[in-house]
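See structure below.
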Protein chains: 2
Amino acid sequence: MKPPKKTPTMSDVAREAGVSPMTVSRAFKSDAYVNEETRKAILAAADRLGYVMDSMASGLSSRKTGFVAVTIPSINNANFADTVRGLTEGLQAKGLQVLLGYTNYNQEEEERLVRQLLTRRPEAIVVTGGTHTGKCRAMLENAGIPVIETWDIPADPIDSVVGFSNADASAKIVAHLVETGRTRIAFLGGDASRDTRGFDRRRGFIREMESRGLDATRLVEAGPPPISMREGADALARLMSRWPDTEAVVCVSDLAAFGAMTECQRRGLAVPGTIAIAGFGAYEISDICVPPITSIDPHCYRIGLLAARRIIDLLSDGPDSETESHTLVEPGLLVRASTFSDCNP
Amino acid sequence: MKPPKKTPTMSDVAREAGVSPMTVSRAFKSDAYVNEETRKAILAAADRLGYVMDSMASGLSSRKTGFVAVTIPSINNANFADTVRGLTEGLQAKGLQVLLGYTNYNQEEEERLVRQLLTRRPEAIVVTGGTHTGKCRAMLENAGIPVIETWDIPADPIDSVVGFSNADASAKIVAHLVETGRTRIAFLGGDASRDTRGFDRRRGFIREMESRGLDATRLVEAGPPPISMREGADALARLMSRWPDTEAVVCVSDLAAFGAMTECQRRGLAVPGTIAIAGFGAYEISDICVPPITSIDPHCYRIGLLAARRIIDLLSDGPDSETESHTLVEPGLLVRASTFSDCNP
DNA sequence: GTTGACTATGTTATCGATAACATATAGATC
DNA sequence: GATCTATATGTTATCGATAACATAGTCAAC
C-alpha cells in the first residue's frame with residue numbers, strides 16, 4: 001500500500017518544525033529551556049510525521065539506556081511475576097524499563113542470559129538468587145553497574161541484596177508443625193542440584209529437624225524444578241508408600257503442596273486430620289483451596305519494589321542513600337487449616 | 001575496591017589484539033572472512049578485558065536491534081507466559097530477543113506501552129488481542145515492521161494474525177454442556193469493558209445459547225480482569241443466590257472456575273452432580289484439582305511458536321514465505337469430570 | 001549604559017558499532 | 001608471468017541522538 005519509507009528521525013521533525021535537531025531533543029526531554037510555543041509546535045510536527053523517538057540512539061549518545069535487566073528462573077511463576085511487577089512499577093517513575101529474561105533454573109542459562117542482557121547496556125541488573133557460575137559472577141562484577149541479588153541471602157554478595165533466608169523460612173514451618181504436635185515430618189522438593197532456593201529450603205528443614213532431635217531423612221524428590229502440581233501429587237504418593245505414618249509434609253512450593261493435597265483427597269487421607277500439609281510462596285491457590293494450605297509469604301512484590309528503590313537510590317547522583325546495601329524482607333508464616341491441630345488429638 | 005573504569009569497547013579489544021576494530025566486529029559476527037587464528041586471538045583478548053559487545057551501538061549502526069517487542073495483558077498469567085515462552089524459544093535460534101511489556105488489560109496502557117517499545121526499534125512486534133486505540137493502531141501501522149496480533153481474530157487485522165475465536169471456544173463449551181443434558185447455564189466473567197477476549201467469550205456464550213433457544217441472561221460479572229480465584233468464588237455465590245437452579249457455569253478462565261468450584265465445595269454443592277463447571281485456558285490447576293475441570297486448551301505455547309515462525313519468515317529476505325498471513329489455532333475442548341453427565345440422571 | 005542572570009536556540013563532536021568500499025596477499029589458471 | 005578469484009584485513013562515513021559549548025536576546029539592577 002504505502003511505500004516502505006523508513007521511520008522519521010529527529011532531523012525530519014526539526015525540519016518540519018523549522019528548528020534545529022537539538023531543540024527537538026530538548027522538547028522531548030523537557031529537562032531544559034524550550035519555549036512553550038516552540039515545544040508545542042515541535043510535538044505537533046512530531047505527531048504529523050508519526051515520529052517515535054529512537055531510544056537506542058539516545059542511549060548511545062547519553063550513555064543512559066533506560067534499561068534495568070532482570071533475570072528470573074521462570075516466567076511461568078506467580079511469585080517471580082510479582083517481583084517483576086514490583087520492579088516494573090517501582091522503576092516506572094524514573095522512566096526505567098525492565099528488560100526481562102529467564103534462566104530455566106539453570107546457571108549455565110543464567111550465564112548466557114546475563115551476557116545477552118549486558119550487551120544491552122542496562123543501568124542496573126537484578127538477578128534472582130545468590131549463586132552463579134564463575135564467569136557470570138565476573139561479568140556482573142565488571143559490568144560497572146549496580147547489581148541486586150534477590151530472593152536469597154548470598155554468602156558472598158556481589159553488591160546489593162534484597163532477600164530473605166529460604167532456610168529460615170523452612171525452619172519456621174517446621175517449628176509450627178512441631179508446635180502443633182507433629183514429629184514425623186517429611187520434605188517434598190525438587191532435585192537438589194539446580195534450584196538453589198529449593199535446596200536452601202530443604203537444608204533449613206533438615207537443620208531444624210535435627211536441632212529438635214527429629215528424624216530428617218524423609219526427603220522426597222519430585223524431579224527437576226519447577227515442581228508442578230502433578231509432580232507434587234506423584235511425590236506424595238511415593239512418600240506415603242515409603243513412610244505411611246508421615247504426619248506432615250513441608251513442600252517446596254504451594255503448587256507442589258496443592259498437588260500433594262489433591263493426591264490426599266484421591267486417597268481419602270484427611271488434611272489436616274491424618275496428614276498436615278504446608279507450602280511456600282503464598283500463591284492464591286493456597287488461600288482459596290479447601291482446606292486452605294499453610295504457607296510462607298515471601299512478599300514477592302515487596303522484594304521487587306525494594307530492589308527498584310535501591311536501584312533508583314544508587315543511580316541518583318546524591319551521595320546520601322536512603323536504602324541499605326542489604327535489605328532483609330522477613331517472610332511471614334500464614335497458618336491455615338491444612339495444619340490446624342484441633343483435628344489431630 | 002576497583003576504580004569505576006568504564007567498560008571496554010571494541011577499539012580496546014582491537015588494540016589488545018593488534019587488529020583493527022572492524023576485524024573485531026567480524027570476529028564477533030562470524031559472518032565474514034576472518035582468519036581462524038586471528039579470531040581466536042581476538043576472542044582471547046576480549047575475554048582478558050571482559051569485553052561484552054554493545055548491541056545498542058551495533059543496532060544503531062546495522063539497523064538491526066535484535067529485539068522483538070511483545071505485549072501481554074498481564075505478566076502473572078500462565079497462559080500468556082506460555083505464549084511468551086513459545087516466542088522466546090522460537091526466536092532464539094535467529095538471535096532475536098523478546099522485549100516484554102504488559103498492559104494490565106488496558107488499552108490506554110497498551111498505547112503507552114507500544115510507544116515505549118517502539119522507541120527501542122524492535123524488528124517486529126507481537127500484541128495480544130486485535131482491538132487497540134486509534135493512536136496505538138496508527139503507531140503499529142506506521143512502525144514499518146511486521147505486526148502480529150495474537151489470541152484473537154481481529155475484524156480488521158493490522159498485518160499478520162496468529163489466533164483463534166474466543167467466541168467459538170465458548171460456543172463449543174455450551175454445546176458440550178447442552179449435549180450432556182444441561183439447559184440452565186450461566187456465564188461467569190469479568191466486566192465486559194476492558195478485556196476484549198473475555199468479552200468475546202461472553203458474546204460467544206450468548207450467541208450459542210440463543211441459537212439453541214436457551215435463556216442467555218444468567219450473566220455474572222466478577223469485577224475487572226484479571227478475575228482471581230477469589231472473585232470466581234464470590235461470583236458463584238452471587239450466581240447461586242440469584243439463580244439457585246443453575247445447572248452449569250461457563251467461566252471466563254480456569255482460575256475463576258476453580259474458585260467457583262471451591263465455593264461449591266464450601267456450600268456442599270456437588271460438582272458435577274448438582275452443578276457442572278467449565279473453565280478456559282487449560283491451566284494446570286484444572287487438570288489436577290478434584291474433580292478436574294472441563295476446559296478449553298487455546299494452545300498458548302503453540303501460538304507463541306507460530307508467531308515466532310511468522311516473524312522469522314517475514315524478516316528473512318527470501319520472497320517465498322512458508323507461513324500464512326493469518327494462522328488459526330483451533331482450541332481443543334478438554335472434557336473432564338466437572339461436566340460429566342453420569343451423575344446427572 | 002553596562003553588567004549579569006536567565007531564557008532560548010544553534011553548532012560541533014561524539015557515543016560504539018557496522019556498511020560500504022578499498023587494499024593486500026596467496027594460490028589457481030591460462 | 002599475467003590474470004583472476006578467494007581470503008583476510010584496513011579505512012572512512014554513518015546510524016540517530018545528546019553533551020558540551022557557543023550564541024543571542026530580554027530584563028532587572030546598579
Side-chain angles (χ1 to χ4, degrees), chain A residues 5-43 45-46 49-67 95 118-123 143-144 317, chain B residues 5-43 45-46 49-67 95 118-123 143-144 317:
Chain A
K5 64 168 186 292
K6 59 181 195 293
T7 57
T9 75
M10 202 168 255
S11 297
D12 297 326
V13 177
R15 199 175 316 112
E16 172 83 9
V19 295
S20 78
M22 194 63 228
T23 304
V24 177
S25 174
R26 289 190 180 107
F28 272 90
K29 286 276 172 280
S30 62
D31 65 341
Y33 301 124
V34 181
N35 183 292
E36 199 46 47
E37 272 180 48
T38 312
R39 159 173 284 124
K40 273 185 194 147
I42 288 171
L43 295 183
L49 298 179
Y51 172 71
V52 177
M53 162 95 81
D54 185 336
S55 35
M56 312 296 278
S58 167
L60 179 59
S61 179
S62 67
R63 330 185 113 269
K64 296 194 174 189
T65 57
F67 275 136
L118 288 180
T119 69
R120 303 296 182 175
R121 295 292 185 266
E123 301 183 42
D317 305 315
Chain B
K5 65 169 184 292
K6 60 181 194 295
T7 57
T9 75
M10 202 168 255
S11 297
D12 296 326
V13 177
R15 199 175 315 113
E16 173 83 10
V19 296
S20 78
M22 193 64 228
T23 305
V24 177
S25 173
R26 290 191 179 105
F28 272 90
K29 287 275 173 278
S30 62
D31 64 342
Y33 301 124
V34 181
N35 183 290
E36 198 47 46
E37 270 181 50
T38 313
R39 159 174 286 125
K40 273 186 195 145
I42 289 170
L43 294 183
L49 298 179
Y51 172 72
V52 178
M53 161 96 80
D54 184 336
S55 38
M56 312 297 277
S58 168
L60 179 59
S61 179
S62 68
R63 328 185 114 269
K64 294 193 175 190
T65 56
F67 275 136
L118 288 179
T119 69
R120 303 296 184 176
R121 294 294 186 266
E123 300 183 43
D317 304 316

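Below, chain A is the first sequence line, B the second, and so on; all start at residue 1.
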Can you give one letter per nucleotide of nucleotides 3-14 of chain D, 5' to 3': B if a protein heavy atom sits under 4.0 Å from the base, S if only from the sugar-phosphate, - if neither? ----BBBBB---

According to salt bridge (charged side-chain N to carboxylate O under 4.0 Å, His left out), who are the partners of B:R26, at least two apart in sequence or on a separate chain? none

Take atom [atom1] of [X] and atom [atom2] of [N], then tell me their distance rounded to the nearest Å.
X: B:K29; N: C:dA17; atom1: NZ; atom2: P; value: 10 Å
X: A:M10; N: D:dG16; atom1: CE; atom2: P; value: 12 Å
X: B:M53; N: C:dA17; atom1: CE; atom2: P; value: 7 Å
X: A:K64; N: D:dG16; atom1: NZ; atom2: P; value: 24 Å
X: A:L60; N: C:dC15; atom1: CG; atom2: C1'; value: 4 Å
X: A:K40; N: C:dA8; atom1: NZ; atom2: P; value: 13 Å
X: B:R121; N: C:dT18; atom1: CZ; atom2: P; value: 19 Å

Among D:dA17, D:dG16, C:dA17, find the nucleotide with the atom closest to the side chain of A:S58. D:dA17

For A:R63 and C:dG16, is the shortest distance between a side-chain N/O and OP1 or OP2 below 4.0 Å? yes

Working to the nearest 0.5 Å, report the span between [atom1] of [X] and [atom2] of [Y].
X: A:M53; Y: A:T7; atom1: CE; atom2: OG1; value: 13.0 Å
X: B:M22; Y: B:M10; atom1: CE; atom2: CE; value: 8.0 Å
X: B:R121; Y: A:S55; atom1: CZ; atom2: OG; value: 7.5 Å

Please work out if A:Y51 contacts a base, only the sugar-phosphate, or nothing of the nucleic acid, heavy-atom cut-off 4.0 Å. sugar-phosphate

I'd like to know if the side chain of A:T38 and the backbone of A:V34 have a donor-acceptor N/O pair within less than 3.5 Å. no

Over the length of the helix from C:dG1-D:dC30 to C:dC30-D:dG1, how much do the five-pair end axes diverge, rounded to 10 degrees? 40°

Is any side-chain heavy atom of A:P21 closer than 4.5 Å to a side-chain heavy atom of A:V24? no

